A.B. asks: 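Questions regarding the structure given below will be posed in turn.
Values in this document were obtained by computation on a predicted structure and should not be read as measured data.
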Amino acid sequence: MSATTIELHEGRAPADCVAIRRRVFIEEQGVPEADELDGHDAERTHFLARDAQGRAIGCACLRSYGAKHKVERVAVLPELRGSGLGRTLMDAVEAHARKLGQCDLMLHAQATVVEFYSKLGWESVGAIFYEAGIAHQKMEKRLIR
């Protein structure tokens, strides 16, 4: 995806990230607001994608999670899904994790996007489970430095 910039924000989520998460997770998918806006944003590194015009178009987060780092809140505006933006966001998250010296990542993928993450080298672990009423699959990836 050309002309996309990725901004990193430590701690409090930028308003543009919250707006994308609200649109995708709360409005589109019906995730309860209390689940989505869970009070952990201060612990996360936020990744915000902007297009060439400066419009916020996608986001993701990375958070320390035990011995690993967990990728969370990966969201792309509906009109840009399939454009490569999700891969661009994941590349940025993984590159940042490498800079932190983190090799082991995990995430909880919605069942509908497990194939997307699999194509990026993520492996499924365990059985399908439900978060916020949506089927999820735990996935892990060992980064190569």
A.B. asks: Under 4.0 Å between a Lys/Arg side-chain N and an Asp/Glu carboxylate O for Asp38 and Arg44?
C.D. replies: yes
A.B. asks: Which pair of non-hydrogen atoms, one from Tyr117 and one from Met139, has the smallest distance, and what is that distance?
C.D. replies: CB-SD, 3.7 Å
A.B. asks: To the nearest 0.5 Å, what is the distance between CG (Leu105) and NZ (Lys68)?
C.D. replies: 9.0 Å
A.B. asks: How long is the gap from CG on Asp51 to CD1 on Ile57, to the nearest 0.5 Å?
C.D. replies: 5.0 Å
A.B. asks: Looking only at side chains, do His96 and Glu94 share a donor and an acceptor under 3.5 Å apart?
C.D. replies: no
A.B. asks: What I want to find out is whether Glu7 reaches Arg50 closely enough, with some N-O distance under 4.0 Å, to be called a salt bridge.
C.D. replies: yes
A.B. asks: Within the supplied structure, the quantity of interest is the number of heavy atoms (other residues, nucleotides, ligands) at a distance under 6.0 Å from Glu79 CD; does it exceed 12?
C.D. replies: yes
A.B. asks: So how far is it from Leu100 CG to Arg98 CZ, rounded to the nearest 0.5 Å?
C.D. replies: 11.5 Å
A.B. asks: Indicate the atoms forming the closest heavy-atom contact of Asp41 with His46, along with that distance.
C.D. replies: O-NE2, 3.0 Å
A.B. asks: Would a hydrophobic clustering, with Ile, Leu, Val, Met, Phe, Trp and Tyr connected at side-chain separations under 4.5 Å, put Ile26 with Ile134?
C.D. replies: no
A.B. asks: Treating Ile, Leu, Val, Met, Phe, Trp and Tyr as nodes and any side-chain heavy-atom pair under 4.5 angstrom as an edge, say whether Val74 and Leu8 lie in one connected cluster.
C.D. replies: yes
A.B. asks: Test Leu107 against every option in His69, Gln137, Met90, Glu72 by the side-chain contact (heavy atoms from CB on, under 4.5 Å) rule and name the one that passes.
C.D. replies: Met90
A.B. asks: Taking Tyr65 as the starting point, is it possible to reach Leu62 by hopping between hydrophobic residues whose side chains are less than 4.5 Å apart?
C.D. replies: no
A.B. asks: Any chance you could measure Glu43, atom CD, to Ser64, atom OG, to the nearest 0.5 Å?
C.D. replies: 9.0 Å
A.B. asks: Quick one: do Val18 and Ile20 end up in the same hydrophobic cluster if we chain Ile, Leu, Val, Met, Phe, Trp and Tyr together by side-chain heavy atoms under 4.5 Å apart?
C.D. replies: no
A.B. asks: Applying side chain to side chain contact (heavy atoms under 4.5 Å, CB included) to Ile6 and Leu89, what does each step give before you reach the verdict?
C.D. replies: CA-CA 7 Å; Ile6 306 291; Leu89 278 163; 3.9 Å; yes
A.B. asks: Going by an N to O cut-off under 4.0 Å, is there a salt bridge joining Glu140 and Arg142?
C.D. replies: no
A.B. asks: Do side-chain atoms of Arg73 reach the backbone of Glu36 as a donor and acceptor pair under 3.5 angstrom?
C.D. replies: yes
A.B. asks: What heavy-atom pair brings Ala92 and Phe47 nearest, and what distance separates the two atoms?
C.D. replies: O-CE2, 3.7 Å
A.B. asks: Using salt bridge (charged side-chain N to carboxylate O under 4.0 Å, His left out), reason through Arg21 and Asp16 one step at a time and then give a plain yes or no.
C.D. replies: CA-CA 9 Å; Arg21 289 165 48 189; Asp16 285 338; over 6 Å; no
A.B. asks: Please assess Gln29 against Gln110 for the test side chain to side chain donor-acceptor pair (under 3.5 Å), listing each intermediate value before the final yes or no.
C.D. replies: CA-CA 11 Å; Gln29 298 179 357; Gln110 291 184 6; 2.7 Å; yes
A.B. asks: Applying salt bridge (charged side-chain N to carboxylate O under 4.0 Å, His left out), run through Arg81 and Glu28 and close with a yes or a no.
C.D. replies: CA-CA 14 Å; Arg81 292 181 194 147; Glu28 179 184 336; 2.8 Å; yes
A.B. asks: Indicate, with yes or no, if Leu48 and Leu77 share a hydrophobic cluster defined by side-chain heavy-atom contacts under 4.5 Å among Ile, Leu, Val, Met, Phe, Trp and Tyr.
C.D. replies: yes
A.B. asks: Could you tell me whether Glu27 atom CD has more than 12 heavy atoms of other residues or ligands within 6.0 Å of it?
C.D. replies: yes
A.B. asks: In plain terms, say whether Glu10 and Arg63 are close enough for a salt bridge, that is, a side-chain N and a carboxylate O under 4.0 Å apart.
C.D. replies: no
A.B. asks: Nearest 0.5 Å please: distance from the NZ atom of Lys141 over to the CH2 atom of Trp122.
C.D. replies: 7.0 Å
